Amino acid sequence: MPSKITTRFAPSPTGYLHIGGARTALFNMLFARQTGGDYLLRIEDTDRKRSTPEAIKAITDGLEWLGLMPDKKPVYQSKNFEQHVAIARKLLAEGKAYHCYSTPEELQEKRKKARAEGRSIRYDGTWRHKTPSEAPSDVQPVIRLKAPTTGATVIMDCVQGEVKVDNSQLDDMIILRSDGTPTYMLSVVVDDHDMKISHVIRGDDHLTNAFRQTQLFNALGWQAPIYAHIPLIHGSDGTKMSKRHGALGIEKYREMGYLPEALINYLLRLGWSHGDDEIISIKQAVEWFKLENINKGAARFDFGKLSALNGNYLQTIDNDIVIQLIGKHSKIDKTFNLRLKKGLSSLKNKSNTILELCDNAHFYLCNRPVSIEADALKFLNSDALVYLEEIKTRLKFLSTWTEEEIKSEINHYIRAKNLKLVQLAQPLRAAICGTTVSPSIFEVLYALGKEEALGRISDVAR
RNA sequence: GACCCCAUCGUCUAGUGGCCUAGGACAUCGGCCUUUCACGCCGAAAACACGGGUUCGAGUCCCGUUGGGGUCACCA
């Protein structure tokens, strides 16, 4: 184990921060924090055509929302361009790399043919042995690494264990493009080395890259980092999340009303576990996190469980903050705010997400007259309208508008009329909320305030 | 296709050779509570992919089969 742990999350800013990336960032952070090491962010923006400032913002916004920003300033890979090129030149000068004059078109053609004939589509090393004198004058060459042709490359992966691949399976990778820019493979290796990254924790889809990168590290005479390839998160259909398969930007989860702490907890439990523990705080996670407890198999993303977890966290969030969050989805004026303060607690345990909460709080967030759903309308029959008129009159004379008083008055009334509570409660609910479902009717009456409550009853009972 | 990885309830998982009559969570179903819906509580159904080994003993170790996934760019 290296003396100091340094990890990095290295997204390429070509789109939003997706769920898998967020988990990768989480694991990197957890692992570094636990040992008091550094957790860094490196923006891999070497593809100038596809990288955008909007994507960088989306990624950092997402990380910030989740609490996964690094302590130190992000490193922009493009800034290390010169260094990457210099390393490529050094390899060339040392004879560990060579110019290759095959054009992309030629390569494409060869690959097509190889595939058709069922042969390997790897680069055949044509230019590995040719001399500069044979070079065509009209082609800008790329630089390829002279990779070992015999033996095998082995990585000791913290999650996957020992993984070995025959060097015959790996071709001579391009490290510098014909336009003189470094490729991903080179940039990653140089930056990981320069940033003293001790552990590379990333998605399983990079596992095969690890072999090429190891070859580069070897050629450079550098110590390769320790790898941990974490399994991918699959969509509900069991395949890799892609834009077509539910790979949403993190901001979408926020818009759907999920809490960052719930999402973090969910992501943490997806592929990692600590016995039977389900609800785990970030603080606890830092303490418990171990790479060896990461599962090897991919996990499917399940909104149901996320929602349940979110509902759990929602209970623990301060009401004032919850009201603010509701405010992002629907307008809350002073009156509404007052109502929510009184009625929010019982509303919270009916809801898993902020969006559901908004839905359930709808009757607090509108003014008279309340629109009444068809199902609720059925409770407003002629008998019910009489009850409503009578209870309205009684409630009008209440001197103090508290839940207790309201409850006691209503109880008196139903006893006098020999009614069951439900016979009055449902019509009341229909009139007051416009729905068949709500928290305790006493509470709703109270939270709404006397004037509004009686007004709503009047609206239907005339 | 080649290479690599993976495999416990529907889903996420516990399990590191005897503590497993396979545990928990979500979802599902039933019951209780109840002014409605929820919450909560109690309970049920539900899994070691298959076949061979190794072992006194296998969910756990080995091999094969099957199934699933990932990677094969002058993208990252």
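Note that this is a predicted model, so its numbers are computed, not measured.
There is a side-chain donor-acceptor pair under 3.5 Å between A/D191 and A/Q77. With hydrogens and angles left out, the side-chain atoms of A/Q140 and A/D179 include no donor and acceptor closer than 3.5 Å. Side-chain atoms of A/R212 and A/Q215 include no donor-acceptor pair closer than 3.5 Å.
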request  = Heavy atoms under 4.0 Å is the rule here; annotate nucleotides 14-30 of chain B 5' to 3' with B where the base is hit, S where only the sugar-phosphate is, and - elsewhere.
outcome  = S--------BBBS----

remark   = In B/S/- notation (B base, S sugar-phosphate only, - none; protein heavy atoms under 4.0 Å), nucleotides 43-49 of chain B written 5' to 3' is -------

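A donor-acceptor contact under 3.5 Å links the side chain of A/S178 to the base of B/C74. Side-chain atoms of A/S440 come within donor-acceptor range of the base of B/U35, with a qualifying N/O pair under 3.5 Å.
Both the sub-6.0 Å distance and the 45° axial angle are satisfied by A/K342 relative to the ring of A/Y446.
Nearest nucleotide to the side chain of A/R300, out of B/C12, B/A76, B/A2: B/C12. Distance from the side chain of A/Q160 is smallest for B/C5 among the nucleotides B/U35, B/C5, B/G69. The side chain of A/L421 lies closest to B/U35 when the candidates are B/U35, B/U36, B/A76. Side-chain atoms of A/R429 lie closest to B/U36 of the nucleotides B/A2, B/C74, B/U36. Considering only side-chain atoms of A/I174, the nucleotide from B/C74, B/G70, B/C4 that sits closest is B/C74. Here the side chain of A/E44 is nearest to one of B/A76, B/U36, B/C74, namely B/A76.
Taking 4.0 Å as the cut-off between side-chain N and carboxylate O, A/E44 and A/R42 count as a salt-bridged pair. Salt-bridge check for A/R300 with A/D237: failed, with every basic side-chain N at 4.0 Å or more from each acidic carboxylate O. Taking the charged nitrogens against the carboxylate oxygens, A/E452 and A/R456 do have a contact shorter than 4.0 Å, which makes a salt bridge.
Nucleotides B/G70 and B/C74 are separated by 23 Å at their C1' atoms, to the nearest Å. When the C1' atom is compared between B/A27 and B/C3, the two are found 38 Å apart, to the nearest whole Å. When the P atom is compared between B/A49 and B/G67, the two are found 16 Å apart, to the nearest whole Å. Across the C1' atoms, B/G53 and B/C41 are found 49 Å apart, a figure rounded to whole Å. If you take atom C1' in B/C9 and the same atom in B/A14, they sit 13 Å apart, rounded to whole Å. B/G40 and B/A45 have their P atoms separated by 22 Å, with the value rounded to a whole Å.
Residue A/R111 places none of its side-chain N or O atoms closer than 4.0 Å to OP1 or OP2 of B/A2. In this model, the phosphate group of B/C5 is not approached by any side-chain N or O of A/K296 to a distance below 4.0 Å at OP1 or OP2.
A 3.5 Å limit on both hydrogen-bonding distances identifies B/G64 as the Watson-Crick or G-U partner of B/C50. B/C26 and B/G10 make up a base pair, with Watson-Crick or G-U wobble contacts both under 3.5 Å.
Within the structure, the ring-ring contact (aromatic ring centres under 6.0 Å, His included) test picks out the following pairs touching residues 110-129 of chain A (sequence neighbours left out): A/Y101-A/W127.
The residue from A/R144, A/R128, A/K96 that alone fulfils the salt bridge (Lys or Arg N to Asp or Glu O under 4.0 Å) condition with A/D172 is A/R128.
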